[in-house]
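Below is one structure, written out as structure tokens; the observations come after it.
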Amino acid sequence: MEGLTDPLEARRGKLRALRALGVQPYPHGFRRTHLAAEVLEGFAGLEERVTAALAGRIRSLRPMGKVVFAHIEDPSGRIQLYLRADEMGEESFRVASLLDLGDLIGATGVPFRTRTGEISIRVEGLSVLAKALRPLPAVKEREGVVYDAFRDREARYRRRYLDLILNPEVREVFARRAAAIRVLRRELDARGFLEVETPVLQAVYGGASARPFRTHHHALDMPLYLRIAEELPLKKLLVGGLERVYELGRVFRNEGLDRHHNPEFTLLEFYWAYADYREAMSLVEDLVRQTALEVRGALQIPSPEGTDEVVDLAPPFERRSLADLVREQAGIDVLAASDGALDEACRRLGGGLPAGAPRGKRIEKLFDLSVAPRLRRPTFVTDYPMSISPLAKGHRERPDDLVERFELFILGQEYANAFSELNDPEEQRRRFAEQQRWREAGDEEAQPLDEDFLEALEHGMPPAAGVGIGVDRLVMLLTGCAAIRDVLLFPHLRPSDESDRDRTGAEPEECPGAPASPAPSREERR
RNA sequence: GCGCCAGUAGCUCAAUCGGCAGAGCAACUGACUCUUAAUCAGUAGGUUCGGGGUUCGAUUCCCUGCUGGCGCACCA
């Protein structure tokens with residue numbers, strides 16, 4: 001092994017040496033009796049010798065001649081191991097000398113307190129559970145100060161397993177994410193909602209205004225889309241008599257990536273027969289309050305943006321109509337203003353719009369520019385233009401151009417989108433037809449007509465409220481993460497050169513019928 | 001998509017005006033039976049993100065591509 005200064009080669013050499021000693025470096029299992037924390041907490045009560053079997057990853061290693069000190073880390077924390085040649089025997093101690101930072105090992109022994117007072121394990125038996133062939137970045141710590149932290153964001157996202165090993169706060173984020181999802185599920189279950197799963201692969205996509213991902217089914221030789229929302233299948237279930245349903249699933253939107261957007265994200269949608277959008281607001285308040293309480297233990301949450309702002313999630317949230325808010329902030333009555341006046345106002349605020357865009361888009365644009373960033377406290381914005389809400393029921397007080405819809409804004413970000421669901425099949429058909437016209441005018445996000453869905457509606461869908469909640473954003477808020485990437489274990493990244501090479505190796509051969517070019521023609525996209 | 005910034009050893013980072021590419025940790029060899037950012041002595045380790053250009057000479061200057069971060073635009 002002399003001269004093996006390449007860490008990879010050195011580790012492979014140690015692996016060979018272990019095998020030469022008759023050690024199986026990748027055994028089938030290990031009987032763990034204690035977690036590190038259990039030993040640390042239980043030590044005071046351990047009157048007599050108790051042998052503990054622990055398993056974990058070597059996070060520090062200090063060989064000093066015939067003695068080795070090491071810390072192993074398991075899910076509960078770290079504990080120090082003390083290995084002595086004279087107690088373990090030469091044979092076993094030779095194995096200890098072949099250990100590296102990052103190896104997974106098992107150790108059995110008796111807890112004791114070292115001269116410096118640290119509760120440790122006096123190791124009697126040592127097992128290699130998985131020899132690590134690659135070096136772990138050498139992060140060190142003393143008195144809470146971390147040295148040479150693993151902080152490169154790209155490296156952390158690309159090799160999240162290292163991030164999880166080396167940055168404990170990352171594990172906490174994902175524990176909180178799981179906790180938030182657990183609460184959402186439990187609260188909906190408790191209210192009689194049935195969790196369902198609907199297709200991700202769809203011949204006709206819909207339920208939101210977004211561009212889809214397109215794929216291809218070889219055996220059927222047909223294009224398929226990855227869903228952009230869960231909405232339409234769930235409403236078919238309302239028709240089918242499942243009066244309270246929800247789905248917590250992944251949706252896919254072919255848009256840009258930034259701090260708040262990943263091409264795939266987790267969307268909770270629930271549909272509630274015989275309720276309207278006002279009742280849905282109360283339920284959304286409950287869900288937000290409950291997740292905050294259980295995940296954060298408080299309703300006052302500091303802004304993830306790193307400002308001093310603290311947001312108060314205690315219901316009731318403010319309820320304001322979109323038209324009122326725009327009037328206050330931009331000084332325009334969007335219900336009465338001419339299209340030209342709306343255009344002019346948009347331009348004044350710095351947002352151009354294509355000439356053919358629907359009136360509702362101009363209004364929404366005005367809102368996005370003048371109001372949304374200012375909505376810091378949780379606020380339900382209500383009553384949206386009909387032309388941008390083709391699946392929402394007309395407003396009971398102004399059915400010609402408004403719908404019963406709300407979006408929840410917190411800290412200028414949208415967290416939920418909901419409406420009283422349109423259940424008049426003929427009206428729905430007209431709305432789809434209008435979308436079709438926008439699509440022909442060049443709006444790639446306009447929603448395609450879904451004949452299957454219309455047929456279902458014709459059988460009678462109960463009046464209902466439907467809600468979508470952006471789970472990732474809620475988790476961001478509750479974990480203090482400013483970037484969606486930080487609440488996704490594997491956020492989407494462009495392939496690096498390295499993974500590009502890997503991918504090429506794994507790519508299935510070209511199949512007949514697969515689109516030769518990833519860019520569909522304009523006709524295909526329709 | 002546009003703008004700004006960044007990419008140097010496994011990790012964290014230096015490198016003067018364009019003048020031999022360095023440090024700490026990790027690794028390797030040796031010493032060390034209570035250490036804990038172990039210590040001590042020594043050794044090795046580089047496609048300076050890729051490609052091109054200017055120059056006697058480029059980590060450094062210019063062009064271009066890639067990846068990432070931030071901001072803007074779009075969206076949830």
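All chains are named by letter (A, B, ...) in the order of the sequence lines, taking the proteins before the strands, and each is independently numbered beginning at 1.
The existence of a salt bridge linking A:Arg84 and A:Glu90 is excluded, since no basic side-chain nitrogen approaches an acidic carboxylate oxygen closer than 4.0 Å. With salt bridges taken as basic N to acidic carboxylate O contacts below 4.0 Å, one links A:Glu87 and A:Arg122.
Of the candidates B:C70, B:C11, B:G69, B:C70 carries the atom nearest the A:Arg259 side chain, counting heavy atoms from C-beta on. Comparing B:A38, B:C28, B:G69 by their nearest atom to the side chain of A:Lys14 picks out B:C28. The nucleotide whose nearest atom lies closest to any side-chain atom of A:Arg153 is, among B:G69, B:G10, B:A76, B:G69. Checking B:A26, B:C34, B:G71 against every side-chain atom of A:Arg122, the shortest atom distance belongs to B:C34. Side chain of A:Ala10, nearest nucleotide from B:G68, B:A27, B:A37: B:A27. Of the candidate nucleotides B:G69, B:C32, B:A37, B:G69 has the atom lying nearest to any side-chain atom of A:Arg485.
Within residues 82-93 of chain A, the residues approached by RNA chain B to less than 4.0 Å at the level of any non-hydrogen atom are A:Tyr82, A:Arg84, A:Asp86, in residue-number order.
Under the ring-ring contact (aromatic ring centres under 6.0 Å, His included) criterion, A:Phe409 pairs with A:Phe367, sequence neighbours left out. Checked against ring-ring contact (aromatic ring centres under 6.0 Å, His included), A:Phe432 has no partners two or more places apart in sequence or in another chain.
When the P atom is compared between B:A26 and B:G65, the two are found 41 Å apart, to the nearest whole Å. Separation of the P atoms belonging to B:C5 and B:A9 is 22 Å when rounded to the nearest angstrom. Straight-line distance between the P atoms of B:C32 and B:U48: roughly 41 Å, to the nearest whole Å.
For A:Asp258 against B:G71, no side-chain N or O and base N or O form a donor-acceptor pair under 3.5 Å.
A:Phe265 qualifies as a stacking partner of the B:A76 base, centre to centre under 5.5 Å and near-parallel within 30°.
When each of A:Ser120 and A:Arg159 is assigned the nucleotide of RNA chain B bearing its nearest heavy atom, the one mapping closer to the 5' terminus is A:Arg159.
A:His260 and A:Glu414 are not linked by any side-chain donor-acceptor pair at a separation below 3.5 angstrom, with hydrogens and angles left out of the test. Defined by atom type and a distance below 3.5 Å, a donor-acceptor pair is present between the side-chain atoms of A:Asp383 and A:Tyr277.
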